[in-house]
Peer 1: 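Right, I'll just put the structure down here and ask away after.
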Amino acid sequence: MTPDERLDRYARLAVEVAVNLQPGQFLRISAEPEHLPLVRAIADVAYERGARYVETHYRDMHLRRARIQHAPEDSLDWSPPWTLALLDHMIETRGATIAITGESEPELLADLDQRRAQRTRARLAAEKLLDAENRRLIQWTIVGYPNEGWARAIFGEPDVERLWDAVMTATRLDEPDPVAAWRSHIDRLRERAAALDERRFDRLRFTGPGTDLTVGLSDKHRWLTAAEETLDGVPHLVNVPTEEVYTTPDRRRTEGTVRSTFPLALGGTIIRGLELRFSAGKVAEVRAETGADAVREEMATDEGATYLGEVALVDGDSRVRKTGVVFLDTLFDENAACHIAWGQGIPVALEGGEEMTAEQLDAAGYNDSIVHTDFMIGGPEVSVVGIEPGGAEVPIIQDDQWALA
């Protein structure tokens with residue numbers, strides 16, 4: 001397969017399978033300048049498929065660095081009105097969005113004031129987009145694009161071909177029929193979600209080196225996969241790759257300590273050796289070998305940022321894990337191991353959640369926040385059990401393998 005054929009195949013996976021663009025739809029692509037080849041390939045496939053218009057939004061981390069260093073304090077979380085208008089149009093017309101990850105300089109902002117760095121975000125725009133995704137008003141997906149900077153951060157050298165090989169494996173593009181492979185894989189994940197729903201566990205317990213964490217589940221929780229459907233009935237995958245089944249926990253019922261098993265890339269800083277202690281659901285202590293201030297400052301964004309909004313299960317059969325690569329990119333690394341996320345919950349992961357009022361969501365233990373940050377807590381040495389309302393423990397992941405029948 002030539003590089004051009006590979007890029008076309010990847011773009012088709014993103015447009016035709018992941019976001020499932022429909023004829024006449026508006027498509028917004030969010031990317032770094034280093035992702036331009038994939039942006040162009042996606043646009044070509046999108047127009048071929050009948051897109052009405054393709055809009056690109058480029059995130060230049062060097063511009064963000066300059067803003068963090070020099071912009072007025074009261075402008076750091078400002079959202080340009082033209083960006084808000086574009087998002088409004090996309091939502092009103094039931095458009096679609098593809099976000100491309102794969103940071104070219106994952107530690108570009110590590111030496112800056114982390115209070116300013118974590119505050120520098122288009123707050124209203126982020127809220128609007130997150131709300132549209134959670135309410136299933138648009139199709140959306142996330143894919144990654146191999147580039148020299150990302151490869152250098154992972155391997156210590158700009159070995160883009162090695163990174164492409166890992167991405168091809170993780171996204172099943174190495175299969176003779178990737179679409180059929182994805183359908184089979186999603187069916188398997190749906191079976192796991194159904195098995196978890198049937199058990200109606202009260203809480204989950206994660207144990208491993210530095211970890212003894214209990215995550216309480218809402219009595220209305222339901223398990224999901226990344227295969228979603230919009231309110232208009234359009235199926236799509238919210239991220240490629242995906243290996244997880246996930247739900248929204250009861251934000252009030254997380255207790256214990258947890259240690260991350262993978263580094264976390266957080267807004268231009270790499271967090272290594274992250275450790276959190278929870279009490280009554282809330283993060284009571286943050287420690288890390290590097291980058292602890294970045295975590296603390298993001299958690300200071302709002303009250304909900306100190307509580308959990310997601311818990312997800314991934315075992316050792318993960319295609320991402322089998323690459324043997326730590327990608328320093330949450331899209332990939334969260335699909336290599338079990339993970340939890342501080343911040344925004346997922347309404348659809350509660351029975352009837354989309355129809356609930358804010359008061360009803362709060363009563364169900366739902367967590368509201370502008371942030372949603374996943375970090376990895378699973379791996380070969382971490383076991384997961386489900387705890388039934390009566391206290392009986394049922395193995396879910398043991399010896400890195402799915403154990404729940």
Side-chain angles (χ1 to χ4, degrees), residues 1-23 25 27-51 54-56 96-104 139-151 154-155 158-189 225-228 234-244 317-325 327 329 331-336:
M1 188 186 306
T2 70
D4 286 346
E5 290 171 336
R6 177 178 63 191
L7 189 62
D8 177 74
R9 196 175 197 188
Y10 196 29
R12 291 187 182 281
L13 176 66
V15 175
E16 298 175 355
V17 178
V19 84
N20 191 16
L21 192 73
Q22 302 296 296
Q25 277 192 303
L27 175 64
R28 175 181 182 263
I29 306 172
S30 174
E32 288 190 22
E34 289 78 8
H35 305 154
L36 182 57
L38 182 57
V39 171
R40 289 174 173 168
I42 286 174
D44 189 62
V45 174
Y47 280 122
E48 176 188 309
R49 194 172 170 87
V54 178
E55 174 77 18
T56 55
T97 182
I98 297 174
I100 304 175
T101 68
E103 290 189 25
S104 57
Q139 296 134 252
W140 62 282
T141 195
I142 311 172
V143 298
Y145 177 67
N147 58 79
E148 287 190 3
W150 186 18
I154 297 171
F155 305 127
D159 192 343
V160 179
E161 284 304 309
R162 181 180 173 190
L163 181 52
W164 260 116
D165 287 344
V167 168
M168 294 276 285
T169 297
T171 60
R172 291 175 165 76
L173 279 180
D174 60 349
E175 293 280 351
D177 186 344
V179 174
W182 271 104
R183 286 174 178 159
S184 175
H185 175 56
I186 292 299
D187 285 346
R188 183 170 65 96
L189 293 180
T225 73
E228 289 192 358
V234 182
H236 61 108
L237 295 175
V238 301
N239 47 261
V240 174
T242 181
E243 300 284 343
E244 65 180 312
D317 284 336
S318 158
R319 275 290 196 101
V320 181
R321 175 91 69 79
K322 288 182 175 180
T323 67
V325 173
F327 286 87
D329 184 283
L331 168 65
F332 287 83
D333 290 336
E334 73 166 2
N335 286 294

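Position 1 is the first residue of the sequence; numbering continues from there.
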Peer 1: Is there a side-chain contact between Y47 and V54 (heavy atoms, below 4.5 Å)?
Peer 2: yes
Peer 1: Less than 4.5 Å apart, side chain to side chain, heavy atoms only: is that true for N335 and N239?
Peer 2: yes
Peer 1: Tell me the closest heavy-atom pair linking S104 and E32, and the distance in Å.
Peer 2: OG-OE1, 2.9 Å
Peer 1: Ignoring hydrogens and angles, tell me if any N or O in the side chain of T141 forms a donor-acceptor pair with the backbone of L237 under 3.5 Å.
Peer 2: yes
Peer 1: Between I42, L173, V15, which is the residue that forms a side-chain contact (heavy atoms from CB on, under 4.5 Å) with Y10?
Peer 2: L173
Peer 1: Can any side-chain N or O of N147 pair as donor or acceptor with the backbone N or O of E34 at less than 3.5 Å?
Peer 2: no
Peer 1: So, N20 side chain and P235 main chain: donor-acceptor pair closer than 3.5 Å or not?
Peer 2: yes
Peer 1: With a 6.0 Å cut-off on the ring centroids, do F332 and W150 count as close?
Peer 2: yes
Peer 1: May I ask you to decide whether D187 forms a salt bridge with R183, counting only side-chain N to carboxylate O separations under 4.0 Å?
Peer 2: no
Peer 1: Counting only heavy atoms not in R40, do more than 12 sit closer than 6.0 Å to its CZ atom?
Peer 2: no
Peer 1: Are side-chain N/O atoms of T101 and D329 paired as donor and acceptor at under 3.5 Å?
Peer 2: yes
Peer 1: Apply the test side-chain contact (heavy atoms from CB on, under 4.5 Å) to residues L38 and I29: give CA-CA distance (whole Å), side-chain angles for both, the deciding distance (0.1 Å), then the verdict.
Peer 2: CA-CA 10 Å; L38 182 57; I29 306 172; over 6 Å; no
Peer 1: For T323 and V320, indicate whether the former's side chain and the latter's backbone hold a donor-acceptor pair under 3.5 Å.
Peer 2: yes
Peer 1: So which heavy atom on P176 is nearest to which on R9, and how close?
Peer 2: O-NH2, 3.4 Å
Peer 1: Compare all side-chain heavy atoms of M168 with those of M1 and state whether any distance is below 4.5 angstrom.
Peer 2: yes
Peer 1: Ion pair present between E243 and K322, side-chain N to carboxylate O less than 4.0 angstrom?
Peer 2: no
Peer 1: Is there side-chain contact between R319 and D174, with heavy atoms separated by less than 4.5 Å?
Peer 2: yes
Peer 1: Are any non-hydrogen side-chain atoms of R12 and E48 less than 4.5 angstrom apart?
Peer 2: yes
Peer 1: Any donor-acceptor pair under 3.5 Å linking the side chain of Q25 with the backbone of Q22?
Peer 2: yes
Peer 1: Heavy-atom distance under 4.5 Å between the side chains of Y145 and L7, does that happen here?
Peer 2: yes
Peer 1: Okay, side chain of T97, backbone of R28: is any donor-acceptor separation there less than 3.5 Å?
Peer 2: yes
